[in-house]
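One structure below.
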Amino acid sequence: CAFRLLLGAGMSKVGRNSSACWRKLTCTTTHYFTQPIPNPLSWYMHHLPDSFHRMEVALTFVEQLVLPFAMLVPLRCCRLLAGLLEIIFQAGIV
């Protein structure tokens, strides 16, 4: 279930109908002010360097397009690591 959810989210970002900002790695430059309920850190996050925003988007691609496959590896340690990294990533979003 997590595999399908994450991979689907990642594929929607790189698909033919996706926004150009995903291909340019710039989607988070405007995200912090356009989210439904910006938090107090949004202003600071918005003003971080462009290189930081590109890294954020690249890590999102890793989280949604690479980690799901690590969850399917038959080695328990790989699955646990993938799950732990996913939990850390999701906690960072919140």
Side-chain angles (χ1 to χ4, degrees):
C1 184
F3 175 84
R4 185 175 179 189
L5 178 71
L6 291 170
L7 192 61
M11 293 302 292
S12 70
K13 291 174 177 63
V14 296
R16 189 174 54 189
N17 294 328
S18 67
S19 175
C21 70
W22 289 110
R23 289 185 291 280
K24 295 177 185 176
L25 302 178
T26 59
C27 273
T28 59
T29 57
T30 58
H31 168 72
Y32 298 106
F33 279 105
T34 59
Q35 61 185 332
I37 303 173
N39 70 35
L41 297 177
S42 294
W43 186 90
Y44 299 103
M45 295 297 286
H46 176 75
H47 288 90
L48 289 171
D50 284 339
S51 59
F52 182 83
H53 291 293
R54 285 192 297 275
M55 181 193 66
E56 281 182 308
V57 176
L59 286 174
T60 300
F61 285 143
V62 169
E63 180 255 344
Q64 293 180 347
L65 297 171
V66 177
L67 275 183
F69 289 99
M71 293 177 185
L72 299 177
V73 173
L75 298 172
R76 186 172 188 264
C77 61
C78 291
R79 293 191 313 266
L80 288 174
L81 179 62
L84 180 64
L85 290 173
E86 183 60 40
I87 290 169
I88 292 168
F89 188 85
Q90 292 299 323
I93 291 174
V94 176

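Not measured: the values here are computed from a predicted model.
- One finds the CD1 atom of I88 at 11.5 Å from the CD atom of Q90 (value rounded to the nearest 0.5 Å).
- Between L85 and L67, the closest side-chain pair of non-hydrogen atoms falls below 4.5 Å.
- Rounding to the nearest 0.5 Å gives a distance of 7.0 Å between CD of Q64 and OG of S12.
- With hydrogens and angles disregarded, a donor-acceptor distance shorter than 3.5 Å links the side chain of H46 to the backbone of T29.
- Rounding to the nearest 0.5 Å places CE of M11 at 10.0 Å from OG of S18.
- Heavy-atom minimum distance, K13 versus T60: CE-CG2, 4.1 Å.
- A pairwise comparison of heavy atoms in P68 and F3 identifies O-CD1, 3.1 Å as the closest pair.
- In terms of heavy-atom proximity, E63 sits nearest to L6 at OE2-CD2, 3.3 Å.
- From S51, atom OG reaches atom CD of E56 across 10.5 Å, with rounding to the nearest 0.5 Å.
- Looking at heavy atoms from C-beta onward, F61 lies in side-chain contact with L25 at the 4.5 angstrom threshold.
- Here the CG atom belonging to L75 is positioned 11.5 Å from the CG atom belonging to L81, to the nearest 0.5 angstrom.
- A continuous path of ILVMFWY side-chain contacts below 4.5 Å connects L65 to L72, so both sit in one hydrophobic cluster.
- The hydrophobic clustering, which links ILVMFWY residues whose side-chain heavy atoms are closer than 4.5 Å, places M45 and M55 together.
- If you chain together hydrophobic residues whose side chains sit under 4.5 Å apart, L7 and W22 fall into the same group.
- Looking at every heavy atom in both residues, T26 comes nearest to V57 through N-CG2, 4.4 Å.
- Nearest approach of A2 to M71, heavy atoms of both residues: CB-SD, 4.3 Å.
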